[in-house]
Amino acid sequence: MILTNFFGWPMRADADFFCQPLKPVDERNEGTIKADKQKGKVNFVELRSFWHIFRSFDRMWSFFILALQIMIILAWSEGGSLGNIFDPLVFKEILSIFITSSILNLGKATLDIIFNWRARRTMEFMVKLRYVLKFILAAMWVVLLSVTYAYTWEKPTGIIRTIKNWFGNGPDQPSLFIIAVVVYLLPDMLAAVLFALPLLRRKLEGSDYKLMRLIMWWSQTRLFVGRGMHESAFSLFMYTMFWVALLLTKFVFSYYVEIKPLVEPTKDIMKFPINHFRWHEFFPRAKGNIGVVISLWAPVILVYFMDTQIWYTIFSTLVGGVYGAFQRLGEIRTLGMLRSRFDSIPLAVNDCLVPVETSDARRKKGLRSNFKNRFKEMTHEDKEKVAARFAQMWNEIVSSFREEDLIDNREKELLLVPYVADQGLRVTQWPPFLLASMVPIAVDMAKDSNGKDRDLKKRIENDYYFSCAIKECYASCKNIINDLVHGEQEKRVINTIFTEVEKCIAEDKVITDLNMQSLPDLYNKFVELVEFLKKNDEKDRVAVIKIFQDMLEVVTRDIMEDQLPSILESSHGGSYQRPEGMTAWDNEYQLFQPSGAIKFPLEVSTEAWKEKVNRLELLLTVKESAMDVPSNLEARRRLTFFTNSLFMDMPDAPKVRNTISFSALTPYYNEHVLFSIKDLEEENEDGVSTLFYLQKIYPDEWKNFQERIEEELKDNEELKEEALRQWASYRGQTLTRTVRGMMYYRKALVLEAFLDMAKHEDLMEGYKAAGSISDEEWKSLIAQCEALADMKFAYVVSCQQYGNDKRSALSNAQDILQLMRTYPSLRVAYIDVVEDRVGEKQIETAYYSTLVKVALNKDSESAGPVQNLDQVIYRIKLPGPAILGEGKPENQNHAIIFTRGEGLQTIDMNQDNYMEEALKMRNLLQEFLTEDGIRQPSILGVREHIFTGSVSSLAWFMSNQEHSFVTIGQRLLANPLKVRFHYGHPDVFDRLFHLTRGGVSKASRSINLSEDIFAGFNSTLRGGNVTHHEYVQVGKGRDVGLNQISKFEAKVANGNGEQTLSRDIYRLGHRFDFFRMLSCYFTTVGFYFSTLLTVFTVYVFLYGRLYLALSGLEEGLATQRKFSHNHALQVALASQSLVQLGFLMALPMMMEIGLEKGFGKALSEFIMMNLQLASVFFTFSLGTKTHYYGRMLLHGGAQYRSTGRGFVVFHAKFAENYRLYSRSHFVKGIELMTLLIVYQLFGQTSHSTIAYIFVTSSMWFLVLTWLFAPFLFNPSGFEWAKILDDWSDWNKWISNRGGIGVSPEKSWESWWEIEQEHLKHTGTLGIIFEIILSLRFFIYQYGLVYQLTITNNNKSIVVYLISWLVILVMLVILKIISVGRRRFGANFQLFFRLIKFMIFVSFFAILVVLIVLLHMTIKDILVCFLAFLPTGWGILLIAQACRPLFRVTGLWGSVRALARAYEVIMGMLLFTPITVLSWFPFVSEFQTRMLFNQAFSRGLQISRILGGQKKERAASTKD
């Protein structure tokens, strides 16, 4: 309306609000034309470099470096006590940290200039001036602080003396340095004041005064983003205390365990120079053994910078656990706990999910609430109101369980409460599963009771549900008899009997006055009566009359024999005695015999009557315990979580008409929508179909499904087939499952709207009954509820390819259309690409964002073309192709305009939702209106349940890891750390907030690969607030096979690499306060960088040991006994092994499992996970994260990796595993193995096996894991038949030639070319860095050739040069073979064979000469392999980095041949152990048991799944 009034409608084309008025071309000057060109980057350039880690978080790195300097100075001082800080000389040395700080600031200023150099032509002058001034000022401070510090010493040494000599040896003036330090610290002092007063800082950042603008200009560029992000004083205090405690612990540990123990050995090493070397030493007279010191300190320094991540994990686990306990997580975690607290649940449902009737009504929540006592103290009328609403919601939840086949019909009946309240009972009717078997037990107790009434009453009242069952059973029996008996005489008899019974109950004389021995006879008769009432058949009338007469006889003759005369007198109107010996009533008038005495059968059997009879039958007949109802584990989990969440703090639910409207948005590309019958029955290579697999994985749900379709569909085979497709699809990661889950929102809103609008009388009749009543008023009410639900909720699925699929008549389009038919309120958005005519002859491609719904005309039921069955709602022309960046975010961006409402929930297409969780959506949306700290939330985070955890052990590990992150991890991030971002679906966005601030999905290619978290960055930088709420959960599917998991982790690692380069991380790192910046770092890119440091520490340690062992320095140190037991180094390596083995990943898991399932269960699961080799999985994942994060930072090339969302029980080929893990794991594993072998052969610790094992055990574990985990977690990985197939496939793949159109899966050459793609697009710095890293492989050759026996301890450089001559000869021979194969392999094959034979004979002859004449040993041969193979690999890596140069020189073919030879060697090295293990059948059995232990625990026959029992599968399908 505002737009209409302001602009007019239709919108005027000449309006200048959205665009500038057009000017003739000749009126535009040259300057205007230049100004219209794209301006480019003006203040930030994403230059690919590891230095972004320092640049973005420079305050943190400076802090750690300065703290390290202080600790080293204190440890180096005499005694190494912390009290030495008060020593004047030591304190003066500590003051040098200000010089270090100024140098670090200079480095940052230099990095700023280097990284923004590319934007120098487009950057504003004021921004350039800022960078230049910062650099000049930083340089001035370095000089000033260094000079003034030099003048604080009387007799300086080293560099301080040099500085003082430069500026003159004047008198000491320490005051100058102090003044300089104070001035230098003034900005930091101001920052500290503003840190302590966040309110003042927000005001200053938001002000527009010139002085403040100048100050803010100095700290950052003049941008809106990143201002006013400070939290409240309480939040500031909480996360500051968290980090203060963590850092104090970290520094104490680092000082006393890592730094201080290293000082004394270092001093000793530097005092005694070592001059004995085992190789040619270029610097034999170097002082201080600097190489030894570096080798000793480097791993410890790396661990020092990495172990903060370890301490963060420990502290976050403890604090997150405490927060979770206060949120009341896990209070109801078993069925036993659910039963014990079920009497509190109706009022909890009423308090949480039913709107407040009056505005001043208040509810007690949290720890002070006591729903149980409140419910018991309520009047019966109030209980009825509460129970009526509870019944509708509870029964809808139970019905959804049955529709999802989680429970069977019997369990459904046991879980339901009456839809229609029975006004005559005046007792609380609990679900029968709480009351099951209690009435038969009560009958037996009464029969066998020989005590007093008081004792029996006490036993009954000890169990609340026991007494409820007896009261309800008695009231229901009385109610049914009164409904059936219509005769006047009969009514008087019945009323008299009930009066006497109730009198005995009131006077506690039931056992005293009544004969309970005959109660079982009466019980059996009534059970028979209930069975006849269920049938309601006319032919049973005589039997019903006979039952009434028998029951009356049992009561009057046996149970109430003493009261019989009075009863008969009252019933016959006078004195009447039954003659002795008579067994029946007087023939003149038999009770219940006349036609009108009993109303049976009932003419109209209402739903209320049926429910009453069915419920009574359950109470009377269910004799077994219902403790295991429901039996399905998923149903139990959902029920316990839902009921537990009702006792957690959540906002009051508003009425539906006042609820915040919201939409759900799901991006979809071409994944499965609905499994076809062909998909379900298609067999894999083992003869196993998807349907057979699902039947074995979900046996109880398959049984429930068969029961349901036999009851509902009977002989309709077509509908049965469709139901089968849906059943299977609901258990996969399909769009159908997601849509069903999201449409529960609408179903829940309809129910809640009914409860809001229905009168009390309507509620007593029930929501279910409303759907079956034909009254127009009822129909109108339901129509209003549905209309209101459609106003409040919209669901849009962005099916990017739907238009193309329709035109191609693909099954996906038909399945999507079927979804729209099933859910008419579902909307589908897609990009329609059409050819539009422009003018008379020209045709151009046009792009439209289109929104469609199912057509509501008659054609929607026809079998016509797909195109005619949907109806266009909106069609918006786009200026060009919509998918310019990353596909998924672009898919969301084009469809977001079709969403509506104030909230937006982003849902991935492998997610699920539940009816019981949908009921709480109103409460969740109310969080937008609450204050969380100083601002309202802009993103509501909710927890996820990973529903794929039961498929295999790997899926279990992955689901536990994900579960701990989405619960305890995000709980801590939101509160108290205040750095929770958006980590994917299913968070709920403030739609209006984000639409006006850049949307929910950044889509720039590569940099926004992980688009989800950038939405959180964007929201936080623009003044938003992200919260986390654990009373709502949404289902989520995850990858279940190792290859799928690795692809997913590679994608996430690539995404974090791109985040490291992004301006968002840079701004967060600079605009957050110090402690919040620490939280941001260690929970985003810092986690991956710490992972990288963990692996890098292993490399540094082993290469340092390689240097010491091969140079002879270690031997010299060992003789002096200064290096025998390096406690600090051992502790450092133990610290990194905690990360390596996955123990840190397990800590949050165990805490969360302990909270939600009990700590006994957590301990047992931890033991089971380790028995199933969880540490192998986490160590292997460490390599995946490290490789892809490091390569991403160095070379780029991030891309979306499709993991597939199928069921993984198939065997992956050896070649497939090799392609996926060759560079990320196998190459690195072989390199580390070579280092360990060399260290074992030549290191001095080889003489002390225990020390060697202690130092290197975790590294050997890392090597073996990286080399063989893919085969260990590969189904049927050690079966001999599979091994033979894999060998054949491997040989075929490695020998196939590549070329245009040959896929990497078919040829090694094609795969090898693709593996080097990152080198084609990397920059010059990336190439240089790659070459520098490759030089490490030459160390082996240099060190090992001097260890050969044939060298006779010759340390000349000539020995090394001769080794290069040998390599050159080998490369020439390889080139001759390559050229010969190409030129003579076809036409002169005999000649080519002769050449190869001569080469072989020559090689053998040379080897014999070396052994005989020069006494070469077997060890020498092994050493030659260890020396020359790494050198060849290093040459190969350099050649790949310099690819253009080698192509020009014509050597690329030789490089390819060399690479193939290395691939063959690595393949053989990996394949040989697997082949040997496959000879032993027990290995394969162990692997199957280990990999599928979760399935075994559920009673599944995995061997039959893997073996493909076709006959049984066919029989199961037929059944």
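These numbers were taken from a predicted model, which means no experiment stands behind them.
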Can you list the residues that meet the side-chain hydrogen bond (donor to acceptor under 3.5 Å, both in side chains) rule with [X], with sequence neighbours excluded?
{"X": "Thr1060", "value": "Tyr1189"}
{"X": "Thr1184", "value": "His1225"}
{"X": "Gln69", "value": "Ser96, Thr100"}
{"X": "Ser101", "value": "Tyr184"}

Only counting residues at least two apart or in another chain, list the ones meeting salt bridge (charged side-chain N to carboxylate O under 4.0 Å, His left out) with [X].
{"X": "Arg971", "value": "Glu1030, Glu1152"}
{"X": "Lys1228", "value": "none"}
{"X": "Glu1049", "value": "Lys1185"}

Residues in ring pair (Phe, Tyr, Trp, His ring centres under 6.0 Å) with [X], at least two apart?
{"X": "Phe98", "value": "none"}
{"X": "Phe1082", "value": "Trp243"}
{"X": "Tyr255", "value": "none"}
{"X": "Phe251", "value": "Phe63"}

*Sort and list the pairs that fulfil salt bridge (Lys or Arg N to Asp or Glu O under 4.0 Å) and have at least one residue in residues 96-110, not counting sequence neighbours.*
Lys108-Asp112
*Check Phe1273, Tyr1221, Phe957, Trp1266 against Phe1180 for a ring-ring contact (aromatic ring centres under 6.0 Å, His included) and give me the one that passes.*
Tyr1221
